[in-house]
Student: 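The structure under discussion is supplied below as structure tokens; questions concerning it will follow.
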Amino acid sequence: MKQFMRKFVIANAVALAASAAVMAFDVDQPTQATPPASAGQVASTQLDQAVAGPWRSEQNKARDTYRHPKQMLTFFGIRPDMTVIEIWPSGGWFTEILAPFLNANGHYIGAVPAGSKSKAALEKKFAFDKAHFGNARLLDFDNKAPNLGPDGSADMVLTFRNVHNWAADGSAETMFKAFFKVLKPGGVLGVEDHRAAKGKTLDQVVNSGYLPTDYVIKLATDAGFKLDGQSEINANPKDDRDHPKGVWTLPPTLELGETDKAKYQAIGESDRMTLRFVKPAAK
């Protein structure tokens with residue numbers, strides 16, 4: 001009888017211990033939840049939404065295959081909480097992506113040449129769709145004496161296919177110095193422009209719309225920037241850069257009209273450099 005009672009007590013103790021272990025596991029080991037998204041994942045998702053936005057024109061979306069907006073902006077390191085200045089947005093191709101992406105938590109500033117005809121069209125776009133462009137603003141500037149805002153006030157300056165215009169009118173050095181002044185230490189300058197063939201000098205190509213990569217890099221480094229990266233996102237090996245009307249022979253301009261149109265459409269948009277520069281942090 002005593003032996004039976006001893007076995008009974010031991011069995012109950014084992015059962016109670018097992019039950020306690022299960023209860024402890026239930027309390028201390030909750031069901032695994034989905035880990036929170038990182039800041040980078042959130043920014044990537046928001047950028048996807050901006051690129052796919054229904055407010056973008058179908059004509060502009062059709063050029064994504066050549067312009068690679070998400071890949072390029074990701075390469076530059078854009079975040080939705082930044083103050084970003086887009087230089088000379090013209091028709092607003094990138095504005096349709098940048099302004100909505102920055103609308104909630106950042107600041108979009110479009111720097112337009114004083115007297116530009118595109119300013120009224122952009123203002124109309126902003127006023128018509130305040131949900132996506134309500135916090136965007138425009139800033140007039142003179143590329144001969146540019147003032148892009150208070151010194152050290154921007155996180156990023158972006159210029160898409162504009163440097164060749166400043167190279168042609170002699171204001172490129174002044175513009176790059178203005179970029180440097182307006183950026184915070186550690187701020188980023190993103191540059192995209194038509195890329196000349198290796199070995200070409202500025203004098204040889206300045207009227208074609210193409211630029212030597214080393215010329216653009218020197219403009220930035222002479223202004224104080226450090227080259228932080230080069231990307232082949234916008235490379236186009238089909239473009240031999242030898243066209244009757246320079247880069248404007250190709251889409252989207254198609255300067256020759258119907259002459260050899262299919263040929264130039266098959267080439268697509270130009271071969272382009274994509275450069276990221278950083279303003280060094282103060283010592």
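In this text the structure is predicted, and so the values were computed from the model without any measurement.
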Student: Given 3.5 Å as the limit, does a donor-acceptor pair link the side chain of Thr253 with the main chain of Glu255, or not?
Tutor: no
Student: For the residue pair Tyr215 and Asp193, confirm or rule out a side-chain donor-acceptor distance under 3.5 Å.
Tutor: no
Student: Measuring only between side-chain heavy atoms, which start at C-beta, is Asn60 closer than 4.5 Å to Ile97?
Tutor: no
Student: Could you grab the distance from atom CZ of Phe128 to atom CZ of Phe133, nearest 0.5 Å is fine?
Tutor: 11.0 Å
Student: Does Asn236 offer a backbone N or O that forms a donor-acceptor pair with the side chain of Asp271 under 3.5 Å?
Tutor: yes
Student: Taking Leu183's backbone N and O only, do any of them form a donor-acceptor pair with Lys279's side chain (distance below 3.5 Å, no angle check)?
Tutor: yes
Student: Is a donor on one side and an acceptor on the other found under 3.5 Å between the side chain of Thr249 and the backbone of Lys245?
Tutor: yes
Student: I need the Ile78 CD1 to Leu158 CG distance, nearest 0.5 Å.
Tutor: 6.0 Å
Student: Just checking Gln265: does its CD atom have more than 12 heavy atoms from other residues, nucleotides or ligands closer to it than 6.0 angstrom?
Tutor: yes
Student: Test Asp140 against Val112 for side-chain contact (heavy atoms from CB on, under 4.5 Å), laying out the working first.
Tutor: CA-CA 5 Å; Asp140 288 342; Val112 297; 3.5 Å; yes
Student: Measuring from atom CH2 of Trp93 to atom CD of Gln59, what distance do you get when rounded to the nearest 0.5 angstrom?
Tutor: 11.5 Å
Student: Take Trp55 and Lys125, measure what side-chain contact (heavy atoms from CB on, under 4.5 Å) needs, and give me the verdict at the end.
Tutor: CA-CA 10 Å; Trp55 57 85; Lys125 180 189 291 288; over 6 Å; no
Student: Would you say Arg276's side chain and Val188's backbone share a donor-acceptor pair under 3.5 angstrom?
Tutor: no
Student: What closest approach, in Å, do Leu211 and Ala167 show between heavy atoms, and which atom pair accounts for it?
Tutor: CD2-CB, 3.9 Å
Student: Taking all atoms of both residues into account, what is the closest heavy-atom pair of Thr95 and Pro89, and its distance?
Tutor: OG1-CB, 3.3 Å
Student: On a heavy-atom basis, which atom in Ala281 and which in Pro185 lie closest, and how many Å separate them?
Tutor: CA-CB, 3.8 Å
Student: Give me the ring orientation class for Tyr210 and His194: parallel if the planes are under 30° apart, tilted from 30 to 60°, perpendicular past 60°.
Tutor: perpendicular
Student: Should Phe75 and Leu98 be counted in the same cluster of Ile, Leu, Val, Met, Phe, Trp and Tyr side chains packed under 4.5 Å apart?
Tutor: yes
Student: With rounding to the nearest 0.5 Å, note down the distance linking CH2 in Trp88 to CZ in Arg161.
Tutor: 14.5 Å
Student: Which pairs pass side chain to side chain donor-acceptor pair (under 3.5 Å) with one or both residues in residues 147-156, sequence neighbours excluded?
Tutor: Asp155-Lys184
Student: Same cluster or not: Met156 versus Ile233, using hydrophobic residues (I, L, V, M, F, W, Y) connected whenever any side-chain heavy atoms lie under 4.5 Å apart?
Tutor: yes
Student: Rounded to the nearest 0.5 Å, what's the gap from CZ on Phe76 to OG1 on Thr274? Could you check?
Tutor: 6.0 Å
Student: Take Thr83 and Ile109 through the test side-chain contact (heavy atoms from CB on, under 4.5 Å) and record every step on the way to the result.
Tutor: CA-CA 8 Å; Thr83 294; Ile109 302 168; 4.1 Å; yes
Student: Inspect the contact between Lys144 and Asp142 and indicate whether a charged nitrogen and a carboxylate oxygen are less than 4.0 angstrom apart.
Tutor: no
Student: Should Arg195 and Asp239 count as an ion pair when the cut-off is N to O under 4.0 Å?
Tutor: no
Student: Rounded to the nearest 0.5 Å, how far does CG of Leu227 lie from CD1 of Ile217?
Tutor: 5.0 Å
Student: Walk me through whether Leu47 and Phe101 qualify under side-chain contact (heavy atoms from CB on, under 4.5 Å).
Tutor: CA-CA 6 Å; Leu47 192 51; Phe101 177 71; 3.9 Å; yes
Student: Ignoring hydrogens, what is the shortest heavy-atom contact between Ala178 and Pro146? Give both atom names and the distance.
Tutor: CB-CG, 3.6 Å
Student: Quick one: does Ser38's side chain have a donor or acceptor within less than 3.5 Å of a partner on Gln41's backbone?
Tutor: yes
Student: Can you find a pair of side-chain heavy atoms, one from Phe141 and one from Ser116, that are under 4.5 Å apart?
Tutor: no
Student: Would you mind reporting whether Trp166 and Asp169 have side-chain heavy atoms less than 4.5 Å apart?
Tutor: yes
Student: Write down the atom of Thr174, the atom of Asn143, and the distance for their closest heavy-atom approach.
Tutor: CG2-O, 4.1 Å
Student: Compare all side-chain heavy atoms of Asn103 with those of Tyr108 and state whether any distance is below 4.5 angstrom.
Tutor: no
Student: A quick test of your reading: do over 12 heavy atoms of other residues, nucleotides or ligands sit less than 6.0 Å from NZ of Lys70?
Tutor: yes
Student: Is the shortest heavy-atom distance from the side chain of His243 to the side chain of Ile267 under 4.5 Å?
Tutor: yes
Student: If we only count heavy atoms from C-beta on, is the Asp222 to Glu173 side-chain gap below 4.5 Å?
Tutor: no
Student: Within the supplied structure, the quantity of interest is the number of heavy atoms (other residues, nucleotides, ligands) at a distance under 6.0 Å from His68 NE2; does it exceed 12?
Tutor: yes
Student: For Val182 and Pro150, work out which heavy atoms get closest and say how close.
Tutor: CG2-O, 3.7 Å
Student: State plainly whether the residues Lys61 and Glu96 are in salt-bridge range, i.e. N to O under 4.0 Å.
Tutor: no
Student: Anything under 30° is parallel, anything over 60° is perpendicular, the rest tilted; go ahead and classify Phe225 against Phe277.
Tutor: tilted
